[in-house]
Amino acid sequence: MIVVVNEQQVEIDEQTTVAALLQSLGFPDRGVAVALDCAVLPRSDWATTLSEGNRLEVVTAVQGG
């Protein structure tokens with residue numbers, strides 16, 4: 001099935017969770033915020049199984065000045 005991550009289509013298995021998808025795409029373990037279908041998704045809900053057509057926006061914190 002297909003989900004969209006940061007405007008890019010990604011093919012995933014039916015049982016893929018948000019956490020598993022982030023790991024497979026190489027996002028870091030810390031400093032990451034996720035919105036699922038335009039709603040902020042707390043880290044405690046990253047075990048949520050994704051569905052066909054879900055849209056995720058993933059942002060990472062950047063340090064600097």
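Note: hydrogens, waters and symmetry copies are ignored here, and every other heavy atom, side chains too, is used. Throughout, numbering of the chain's residues begins at 1 and tracks the sequence.
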Side-chain atoms of residues 7-14: list all donor-acceptor pairs with protein atoms under 3.5 Å, sequence neighbours left out, distances to 0.1 Å.
| from | atom 1 | to | atom 2 | distance (Å) |
| --- | --- | --- | --- | --- |
| Glu7 | OE1 | Arg55 | NH2 | 3.2 |
| Glu7 | OE2 | Arg55 | NH2 | 3.4 |

### Query
Roughly how far apart are Leu21 CG and Thr48 OG1, rounded to 0.5 Å?
12.0 Å
Pairs of donor and acceptor atoms involving the side chains of residues 39-46, under 3.5 Å and at least two apart or interchain, shall be tabulated with distances.
| from | atom 1 | to | atom 2 | distance (Å) |
| --- | --- | --- | --- | --- |
| Arg43 | NH1 | Asp29 | O | 3.0 |
| Arg43 | NH2 | Asp29 | O | 3.0 |
| Trp46 | NE1 | Leu41 | O | 3.2 |

### Query
Ala47 and Thr17: which non-hydrogen atoms are nearest, and at how many Å?
O-CG2, 3.4 Å
### Message
Before you tell me yes or no, could you show the steps for Ile2 and Glu52 under side chain to side chain contact (heavy atoms under 4.5 Å, CB included), namely the whole-Å CA-CA distance, both residues' side-chain angles and the distance that decides it to 0.1 Å?
### Response
CA-CA 6 Å; Ile2 302 292; Glu52 177 76 31; 3.8 Å; yes
#### Entry: Val59 with Leu50, same ILVMFWY side-chain cluster at under 4.5 Å
no
### Task
Could you tell me which non-hydrogen atom of Asp37 sits nearest to which non-hydrogen atom of Gly53, and how far apart they are?
OD1-O, 4.4 Å
### Message
Under 4.5 Å between side-chain heavy atoms, counting indirect links through other Ile/Leu/Val/Met/Phe/Trp/Tyr residues: same cluster for Met1 and Val5 or not?
### Response
yes
### Query
Quick one: does Leu25's side chain get under 4.5 Å of Val58's, heavy atoms only?
no
